[in-house]
Engineer: 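Questions regarding the structure given below will be posed in turn.
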Number of protein chains: 2
Amino acid sequence: MSGSIGRVADKSDPVYKADDTPFDVFSRTCPSRPVLEHVTGRWGSLVLAALQNGPVRFNDLRRRVDGVSQKVLAQTLHALERDGFVNRHQLSVFPLRVEYTLTPPGQDVAAKLLELITQVEASMDSVLAFRQDYDSNAAAGHTARA
Amino acid sequence: MSGSIGRVADKSDPVYKADDTPFDVFSRTCPSRPVLEHVTGRWGSLVLAALQNGPVRFNDLRRRVDGVSQKVLAQTLHALERDGFVNRHQLSVFPLRVEYTLTPPGQDVAAKLLELITQVEASMDSVLAFRQDYDSNAAAGHTARA
DNA sequence: TAGTGCGGTTTCCAAAAGAAACTATAGCTT
DNA sequence: AAGCTATAGTTTCTTTTGGAAACCGCACTA
């Protein structure tokens, strides 16, 4: 039951889904953990989603992914590039054009991300309504129920 | 062109997908942005995924989501609870049992997350192989190509 | 000669995450 | 009765990360 990539969780517990991969993000030491973080991280998810519609240049990306700083965008892109999800292509030395595109694996995860994002956006009405209730109940006495 | 929930991105640009919702995570001011962060955040994604198979108690969750601290797990759960994605249910005063479950919206996003996680795990072989190349090329001279 | 846009890196400070200790409850053990 | 266990957190402190702004080199433009 050891010998695997860093999976630590108890797989004999049927609660855990059985992947066909030896990777398990629930395990702290599994290399898939940091990769998932790059993909789902605060900016990684938006960057990947923004790259879905073809090549985008650095400053375009900055404008699309509203609010990201240059430093963090550069970091995010480096990480995703090293993971093989995005491709950096320098087009010309002047006016210094660099295009970022999704690799095939990048397209796969970006597609899933897009679905997730769409789902989240679709849940927003419910979320906002719920928060109203939640906050007013909390104000009324959060230890009071049951 | 204004009047919307905080969307700032230029929707006339056909590059942007057209949701049927007025929410746009790419906009810094859109309320969906923090919600996406709760869901895709470092721990939020794992917590939601871990809750997919029925109710889980606090310390079980801590064990499953390997590496999370108590403080951050509590924070994460609070945020997800306030968003209406997870439900906190106190079962007994002694031995103080608290169960966390997914709400229906929570199940929807957790399902998408699970797909994403599965996709990431499935990409790991490719990722690890790519990194080897990438790192050795970078060592050989990262400004050398083209 | 100064200004522009591009693609970043560097610096510095604020915000967030992590580790460890602490709280409270209340049964069970000795 | 004293102390141990387990539950579910909160508090405190340190380390890591994120963000704003400035800076860089390049090469064209006014």
Side-chain angles (χ1 to χ4, degrees), chain A residues 27-29 33-34 36-47 50-51 55-82 86-101 138 142-146, chain B residues 26-29 33-47 50-51 55-82 86-101 138 142-146:
Chain A
S27 166
R28 170 172 25 192
T29 53
R33 177 72 74 87
L36 184 72
E37 284 169 15
H38 299 157
V39 167
T40 62
R42 179 162 190 185
W43 300 113
S45 53
L46 293 176
V47 166
L51 288 176
V56 187
R57 303 208 324 265
F58 187 84
N59 281 314
D60 278 348
L61 212 42
R62 257 193 88 198
R63 281 182 283 272
R64 291 192 189 192
V65 180
D66 190 24
V68 69
S69 70
Q70 291 176 307
K71 185 185 81 171
V72 176
L73 179 57
Q75 278 179 357
T76 303
L77 285 168
H78 283 323
L80 292 174
E81 191 196 352
R82 195 174 92 97
V86 311
N87 197 279
R88 179 184 191 275
H89 192 130
Q90 184 163 328
L91 291 172
S92 62
V93 171
F94 188 75
L96 227 209
R97 245 146 229 283
V98 177
E99 271 185 3
Y100 292 92
T101 51
H142 49 77
T143 53
R145 64 235 221 262
Chain B
F26 288 99
S27 166
R28 171 173 24 192
T29 54
R33 178 72 75 86
V35 175
L36 183 70
E37 283 169 14
H38 298 157
V39 166
T40 61
R42 179 163 189 183
W43 300 113
S45 54
L46 293 176
V47 166
L51 287 176
V56 187
R57 301 203 328 249
F58 188 84
N59 281 315
D60 278 348
L61 211 42
R62 258 193 87 198
R63 282 182 283 271
R64 291 191 191 193
V65 180
D66 190 25
V68 70
S69 72
Q70 290 177 307
K71 185 186 79 170
V72 176
L73 179 56
Q75 278 179 356
T76 303
L77 285 168
H78 284 322
L80 292 174
E81 192 196 353
R82 196 173 93 98
V86 311
N87 197 280
R88 179 184 189 276
H89 191 122
Q90 183 164 328
L91 291 173
S92 62
V93 171
F94 187 76
L96 225 212
R97 247 146 229 282
V98 177
E99 270 185 4
Y100 292 92
T101 51
H142 48 78
T143 54
R145 60 226 217 273

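Residue numbering restarts at 1 for every chain, and letters A, B, ... go by the order of the sequence lines.
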Engineer: Quick one: A:L61 CG to C:dG7 P, roughly how many Å, whole number?
Structural biologist: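 Rounding to the nearest Å, CG of A:L61 and P of C:dG7 are 10 Å apart.
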
Engineer: Suppose we screen for side-chain hydrogen bond (donor to acceptor under 3.5 Å, both in side chains). Which residues come up paired with A:R42, at least two apart in sequence or across chains?
Structural biologist: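 Scan of A:R42 (side-chain hydrogen bond (donor to acceptor under 3.5 Å, both in side chains), adjacent residues dropped) gives B:E37.
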
Engineer: With a 4.5 Å cut-off on side-chain heavy atoms, are A:L73 and A:V65 touching?
Structural biologist: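 A side-chain contact under 4.5 Å is absent here.
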
Engineer: What heavy-atom pair brings A:S45 and A:T40 nearest, and what distance separates the two atoms?
Structural biologist: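 That closest heavy-atom pairing would be OG-O, 4.2 Å.
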
Engineer: Where is the tightest heavy-atom contact between A:P55 and A:E99, given as atom of each residue plus distance?
Structural biologist: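 Minimum heavy-atom separation between A:P55 and A:E99: CB-OE1, 3.4 Å.
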
Engineer: Is A:H78 close enough to C:dT9 that one of its side-chain N or O atoms is under 4.0 Å from OP1 or OP2 there?
Structural biologist: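 The answer is yes; a side-chain N or O of A:H78 sits under 4.0 Å from OP1 or OP2.
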
Engineer: Looking at NE2 of A:H38 and OG1 of A:T76, how far apart are the two atoms once the value is rounded to the nearest 0.5 Å?
Structural biologist: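 Separation between the atoms: 9.0 Å.
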
Engineer: Rounded to the nearest 0.5 Å, what separates atom CG in B:L51 from atom CG in B:L77?
Structural biologist: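 If we round to the nearest 0.5 Å, B:L51:CG and B:L77:CG are 7.0 Å apart.
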
Engineer: Do B:V86 and B:R88 have side-chain heavy atoms sitting under 4.5 Å apart?
Structural biologist: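 Result no, sub-4.5 Å side-chain heavy-atom pair not found.
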
Engineer: How would you list, by chain and number, every residue that makes a side-chain hydrogen bond (donor to acceptor under 3.5 Å, both in side chains) with B:R57, sequence neighbours excluded?
Structural biologist: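 So B:R57 forms no side-chain hydrogen bond (donor to acceptor under 3.5 Å, both in side chains) with any residue.
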
Engineer: If you fit an axis to the five pairs at each end of the helix from C:dT1-D:dA30 to C:dT30-D:dA1, how big is the angle between those two axes, to 10 degrees?
Structural biologist: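 About 30° separates the two local helix axes.
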
Engineer: Restricting to non-hydrogen atoms, name the atom on B:G67 and the atom on A:R28 that form the minimum distance, rounded to 0.1 Å.
Structural biologist: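 What the structure gives for the nearest pair is CA-NH1, 3.9 Å.
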
Engineer: Quickly work out the A:N59 CG to C:dT9 C1' distance and round it to whole Å.
Structural biologist: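 Checked: the CG to C1' distance equals 14 Å.
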
Engineer: Enumerate the protein-to-nucleotides 11-17 of chain C contacts in which both atoms are nitrogen or oxygen and the separation is below 3.5 Å.
Structural biologist:
unit_1, atom_1, unit_2, atom_2, d
C:dA17, N7, B:K71, NZ, 3.4

Engineer: What string of B, S and - do you get for nucleotides 21-28 of chain C 5' to 3' if you count protein non-hydrogen atoms under 4.0 Å?
Structural biologist: B----BS-

Engineer: Given atom CD of A:E81 and atom P of C:dG7, what is their separation to the nearest angstrom?
Structural biologist: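 Distance, rounded to whole Å: 14 Å.
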
Engineer: Which heavy atom in A:V72 sits nearest to a heavy atom in A:W43, and how many Å separate them?
Structural biologist: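 Closest approach of A:V72 to A:W43: CG1-CD1, 3.3 Å.
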
Engineer: How long is the span from the CZ atom in A:R97 to the CZ atom in A:F58, to the nearest 0.5 Å?
Structural biologist: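 One gets 15.0 Å once the value is rounded to the nearest 0.5 Å.
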
Engineer: Using chain A heavy atoms and a threshold of under 4.0 Å, write down where along DNA chain D the contacts begin and end, 5' to 3'.
Structural biologist: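 Under 4.0 Å from chain A, the extent on DNA chain D is D:dG18 to D:dC28.
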
Engineer: Quick one: does B:L36's side chain get under 4.5 Å of A:L46's, heavy atoms only?
Structural biologist: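 Sidechains of A:L46 and B:L36: in contact.
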
Engineer: Does a side-chain heavy-atom distance below 4.5 Å link A:V47 with A:L80?
Structural biologist: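 In short, these two side chains touch, coming nearer than 4.5 Å.
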
